[in-house]
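A short worksheet on the structure shown next.
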Number of protein chains: 2
Amino acid sequence: MQNSPFRNAAQKEADRAAKRDAVLRAAVRMFNERGFFATSLDDVAASLGISKRTIYHYLANKDQVLLECITIGLEQLLAAADDARAEPGNGRDRLVKFLRRYVEINMDDFGICVSRTGEEALSRESLPRYRALKKKIDVAMRQILTEAVEDGSIGPIDVKMTAFTLAGALNWPGRWYDPKGALTPAQISEAMVKVLMGGLDPRPN
Amino acid sequence: MQNSPFRNAAQKEADRAAKRDAVLRAAVRMFNERGFFATSLDDVAASLGISKRTIYHYLANKDQVLLECITIGLEQLLAAADDARAEPGNGRDRLVKFLRRYVEINMDDFGICVSRTGEEALSRESLPRYRALKKKIDVAMRQILTEAVEDGSIGPIDVKMTAFTLAGALNWPGRWYDPKGALTPAQISEAMVKVLMGGLDPRPN
DNA sequence: ATCAATATGCACTCACGAGTGTATTGTGCT
DNA sequence: AGCACAATACACTCGTGAGTGCATATTGAT
């Protein structure tokens with residue numbers, strides 16, 4: 001299979017995907033740095049040494065650039081939920097696994113983009129897809145919480161409010177995390193999950 | 001003192017302040033609804049039945065409109081910290097008081113604006129003031145936490161990470177709170193604080 | 001070598017929105 | 001009455017950035 005057009009076609013496909021990916025990666029970094037609205041596609045193109053027109057060969061418009069970035073981030077979160085649920089141990093173990101990973105994703109480029117971007121940035125057409133993914137994650141979170149409550153490995157908390165509270169706390173690092181700071185994502189994630197699991201009230205021990 | 005020019009001058013001042021205030025109130029609502037960048041001052045003016053030029057008689061530019069809105073929100077939070085610290089009871093009581101109020105402020109128009117607005121939206125000139133206020137609140141939060149740890153009314157938590165975790169959780173309602181929803185701010189605030197204080201782990205009781 | 005398709009750049013249009021110059025109206029003061 | 005000043009509107013400039021038409025370059029296929 002030296003010169004089969006198949007392999008070649010696949011190669012082309014891969015090339016194209018790699019370029020598209022590079023655009024998204026450059027875009028998400030600039031979105032996170034300067035904000036979505038303060039970033040022009042001309043800026044993104046310049047940072048890659050290409051022209052804006054080229055970007056439009058891989059992505060339909062600015063809105064789609066953002067939607068793709070967010071989708072990547074959200075899909076990482078979904079994958080984290082699936083992974084956690086496949087884990088052995090009790091409900092609490094799976095929950096902790098999920099939370100730990102959730103925080104870490106929120107300090108990754110695409111995750112940061114998710115936690116920094118509100119609905120206002122997306123177009124009317126992109127919103128349904130965005131909301132659907134968000135919903136899926138919320139459902140997964142509640143499911144994991146419910147299972148943990150049911151097997152008694154965490155206390156009998158209000159699942160809905162707890163899911164909201166956790167989501168807020170876990171998303172926040174996307175706002176202040178500094179890769180050049182002293183703490184690593186793993187340390188931050190561990191400390192935050194500890195606070196959330198243990199609560200502030202003193203524990204008899 | 002029927003026709004004293006003093007009263008008149010004061011009256012004028014008050015009129016002016018009231019109008020300025022009305023502009024800010026209209027602006028903050030639209031910022032929250034559609035996002036800062038998607039809101040033009042023409043829109044804000046139209047919603048008040050005035051022309052954009054009038055807005056510029058009360059505020060220097062769009063950046064200042066935003067800064068004022070955020071400042072109002074942040075100052076409410078600062079006031080909440082002061083109030084809480086003046087409260088009787090132990091450290092935990094004061095902390096709970098502060099947290100409860102913090103959440104509620106984040107469901108008020110100006111508070112929502114604070115939690116929805118990132119640094120990217122502000123101009124270089126406005127940032128120092130913004131950051132200074134943010135810092136003050138963070139300091140106050142840590143102070144309250146430290147006092148509670150020291151008098152033993154909450155567990156020996158990591159103050160810095162806890163402050164971050166709390167801030168995230170408490171700010172989140174600004175993103176999803178819907179005034180037309182079933183839950184009142186007081187209910188949400190109570191439930192969230194309960195989750196944070198108690199944690200997820202089961203408590204022997 | 002040539003053709004078709006894909007990739008890329010250049011230069012443009014177009015809309016929108018921040019901010020302003022100037023004219024007009026209203027209001028209290030003397 | 002007339003003056004000074006605040007309030008407000010209208011109509012404008014000007015920059016910026018999304019998106020596009022067209023021309024060119026590159027590359028794989030025959």
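Note that the structure is a prediction, hence the values are computed from the model and not measured. Just so it is clear: chains get the letters A, B, ... in the order the sequence lines come, proteins before strands, and each one is counted from 1.
One finds a salt bridge joining B:Glu119 and B:Arg131 here, because a Lys/Arg side-chain nitrogen approaches an Asp/Glu carboxylate oxygen to under 4.0 Å. Using a cut-off of 4.0 Å between Lys/Arg side-chain N and Asp/Glu carboxylate O, B:Arg142 and B:Asp138 are scored as salt-bridged. No salt bridge links A:Asp151 with A:Arg92; every basic N to acidic carboxylate O contact stays at or beyond 4.0 Å. Between B:Lys97 and B:Glu87, at least one side-chain nitrogen of the basic residue sits less than 4.0 Å from a carboxylate oxygen of the acidic one, meeting the salt-bridge criterion. Under the 4.0 Å criterion applied to side-chain N and carboxylate O atoms, B:Lys194 and A:Asp158 are not assigned as salt-bridge partners. With salt bridges taken as basic N to acidic carboxylate O contacts below 4.0 Å, one links B:Glu68 and B:Arg20. Contact check on A:Arg29 versus A:Asp109 returns a salt bridge, with a Lys/Arg side-chain nitrogen under 4.0 Å from an Asp/Glu carboxylate oxygen.
Atom CG of A:Leu59 is separated from atom P of D:dT20 by 13 Å (rounded to the nearest Å). A:Arg53 has its CZ atom 12 Å from the P atom of C:dA7, to the nearest Å. Regarding B:Lys62, its NZ atom lies at a distance of 8 Å from the P atom of C:dG19, rounded to whole Å. Between A:Asp63 atom CG and D:dG17 atom P there is a gap of 18 Å when expressed in whole angstrom units. Taking atom CE of B:Met30 as the reference point, atom C1' of C:dA18 lies 16 Å away to the nearest angstrom. As a whole-Å value, the separation of A:Ile55 CD1 from D:dG17 C1' is 13 Å.
Few gaps surround CD on B:Gln143; more than 12 heavy atoms of other groups in view lie less than 6.0 Å from it.
No cation-pi contact links B:Lys62 to B:Tyr56, judged by a cut-off of 6.0 Å to the six-membered ring centre and 45° from its axis.
The stretch residues 64-73 of chain A does not touch DNA chain C, since none of its heavy atoms comes less than 4.0 Å from the strand. Within residues 34-47 of chain A, the residues that place at least one heavy atom under 4.0 Å from DNA chain D are, in residue-number order, A:Thr39, A:Ser40, A:Leu41.
Closest contact between the side chain of B:Tyr56 and the listed nucleotides C:dG9, D:dA9, C:dT20 involves C:dT20.
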Tabulate protein N/O versus nucleotide N/O from nucleotides 4-7 of chain D, keeping only pairs under 3.5 Å, one per line.
residue : atom : partner : partner atom : Å
D:dA7   : OP2  : B:Arg16 : NH1          : 2.6

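Between the side chains of B:Thr165 and B:Thr162, not a single donor N or O lies within less than 3.5 Å of an accepting N or O.
At a cut-off of 3.5 angstrom, counting only N and O atoms as typed in the model, there is a donor on one side and an acceptor on the other between the side-chain of A:Lys52 and the base of D:dG19.
Relative ring orientation between B:Trp176 and A:Phe164 is described as parallel, the plane-to-plane angle staying below 30° on a 0-90° scale split at 30° and 60°.
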